Participant: 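First the structure, then my questions, so here it is.
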Amino acid sequence: NAGVTQTPKFQVLKTGQSMTLQCAQDMNHNSMYWYRQDPGMGLRLIYYSASEGTTDKGEVPNGYNVSRLNKREFSLRLESAAPSQTSVYFCASSEDNPGHEQYFGPGTRLTVT
Amino acid sequence: AQKITQTQPGMFVQEKEAVTLDCTYDTSDPSYGLFWYKQPSSGEMIFLIYQGSYDQQNATEGRYSLNFQKARKSANLVISASQLGDSAMYFCAMREEAGKSTFGDGTTLTVKP
């Protein structure tokens, strides 16, 4: 099992460019999450999806869109990148109820210049 | 209002000694889960321990234990017999029934030889 995979691992964008971060999990989890982690900080929830076809905003959704393509895949799109979006982005998945830990991908390091 | 508060940005501990990392939380959900994750300098997120809101006993996993005081809304992580490899950032997190997940800002632990 690969667990949670993310592509790309690194990306540099110019201000105003767009890109999509891809995430996939092979654990048959219903719940999937996107977080961002700024240097020296904790993880902040951008969006999450409790099941295929549903998405909900987290703490910092502005400037991002998501798509839960199917049960396995959950993508994060930056339509017009800004320097404030420079961060490390983590995707995670988990079983449904609060009693299960989240499994994290390796992260995508994004720099917007 | 911050849902997870970690008041110790940095902690030092001598090798082989025990250390307590503090975490307080805020929720009105009766059902929730509390988690601790470790993030070494390599960046991956590693699940350490889980405590459910209805659990009567404190959780333990090897050298990790969770000191759960529900009335005080605290969920402190205790690491016994610290090792050099324990040097990392530690995050307290909460999952609520609605599915959202919140992380604290983390505590950087340094184990001294």
Side-chain angles (χ1 to χ4, degrees), chain A residues 2-6 9-10 23 25 27 29-61 66 68 74 87-110, chain B residues 1-10 21 23 25 27-55 59 61 64 66 68 75 88-109:
Chain A
V4 180
T5 57
Q6 290 182 237
K9 286 189 166 51
F10 301 93
C23 174
Q25 51 94 7
M27 294 171 282
H29 289 160
N30 279 324
S31 299
M32 295 187 74
Y33 307 79
W34 275 106
Y35 295 92
R36 62 177 286 173
Q37 184 180 27
D38 298 330
M41 303 290 288
L43 278 69
R44 292 186 291 169
L45 183 64
I46 305 171
Y47 272 93
Y48 71 103
S49 171
S51 62
E52 184 180 349
T54 68
T55 60
D56 281 289
K57 294 178 180 179
E59 184 187 351
V60 288
V66 290
R68 183 73 183 268
F74 188 37
S87 191
V88 178
Y89 291 85
F90 287 98
C91 177
S93 72
S94 70
E95 302 274 3
D96 290 350
N97 72 57
H100 292 275
E101 74 269 28
Q102 295 173 56
Y103 293 80
F104 285 84
T108 295
R109 188 174 296 274
L110 175 67
Chain B
Q2 188 128 5
K3 288 198 167 187
I4 297 283
T5 303
Q6 294 181 252
T7 57
Q8 309 151 312
L21 306 184
C23 172
Y25 62 93
T27 181
S28 55
D29 275 0
S31 177
Y32 53 89
L34 296 158
F35 302 82
W36 279 91
Y37 293 86
K38 172 183 178 182
Q39 187 178 44
S41 57
S42 51
E44 71 267 34
M45 295 291 288
I46 302 167
F47 164 70
L48 296 178
I49 195 167
Y50 157 77
Q51 180 84 41
S53 58
Y54 294 118
D55 293 344
E61 287 285 349
Y64 304 109
L66 202 153
F68 181 47
M89 198 147 183
Y90 289 81
F91 292 102
C92 180
M94 176 171 65
R95 283 190 71 190
E96 297 169 283
E97 197 64 55
K100 287 192 178 183
S101 175
T102 309
F103 280 72
D105 287 337
T107 296
T108 301
L109 177 67

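Note that the coordinates shown come from a computational prediction; the quantities given were computed from them, not determined experimentally. Naming: A, B, ... by sequence-line order, numbering from 1 per chain.
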Participant: Does any non-hydrogen side-chain atom of A/Tyr48 lie less than 4.5 Å from one of B/Ser101?
Facilitator: no
Participant: With rounding to the nearest 0.5 Å, note down the distance linking CD in A/Glu101 to CD1 in B/Ile49.
Facilitator: 11.5 Å
Participant: Can you see which heavy atom on A/Gly40 is nearest to which on B/Met89, and at what distance?
Facilitator: O-CE, 3.7 Å
Participant: CZ/B/Phe47 to CZ/A/Phe104 distance, rounded to the nearest 0.5 angstrom?
Facilitator: 11.0 Å
Participant: Report the residues that fulfil ring pair (Phe, Tyr, Trp, His ring centres under 6.0 Å) with B/Tyr50, sequence neighbours left out, ordered by chain and then residue number.
Facilitator: B/Phe35
Participant: Specify the closest pair of heavy atoms between B/Arg95 and A/Asp96, including all atoms of both residues, with the distance to one decimal.
Facilitator: NH2-O, 3.0 Å
Participant: Quick one: closest heavy-atom pair of A/Gln102 and B/Phe103, and the distance?
Facilitator: NE2-CE1, 4.3 Å
Participant: Side chain from CB out, backbone as N, CA, C, O: work out which of these in A/Tyr35 comes under 4.5 Å of a heavy atom of chain B, or both, or neither.
Facilitator: side chain
Participant: What part of A/Leu43 is in contact with chain B, defined as an atom under 4.5 angstrom from a non-hydrogen atom: side chain, backbone, both or neither?
Facilitator: both
Participant: Residue by residue, scan residues 36-46 of chain B and write down, ordered by number, those that have a heavy-atom distance under 4.5 Å to chain A; if none do, write 'none'.
Facilitator: B/Tyr37, B/Gln39, B/Gly43, B/Met45
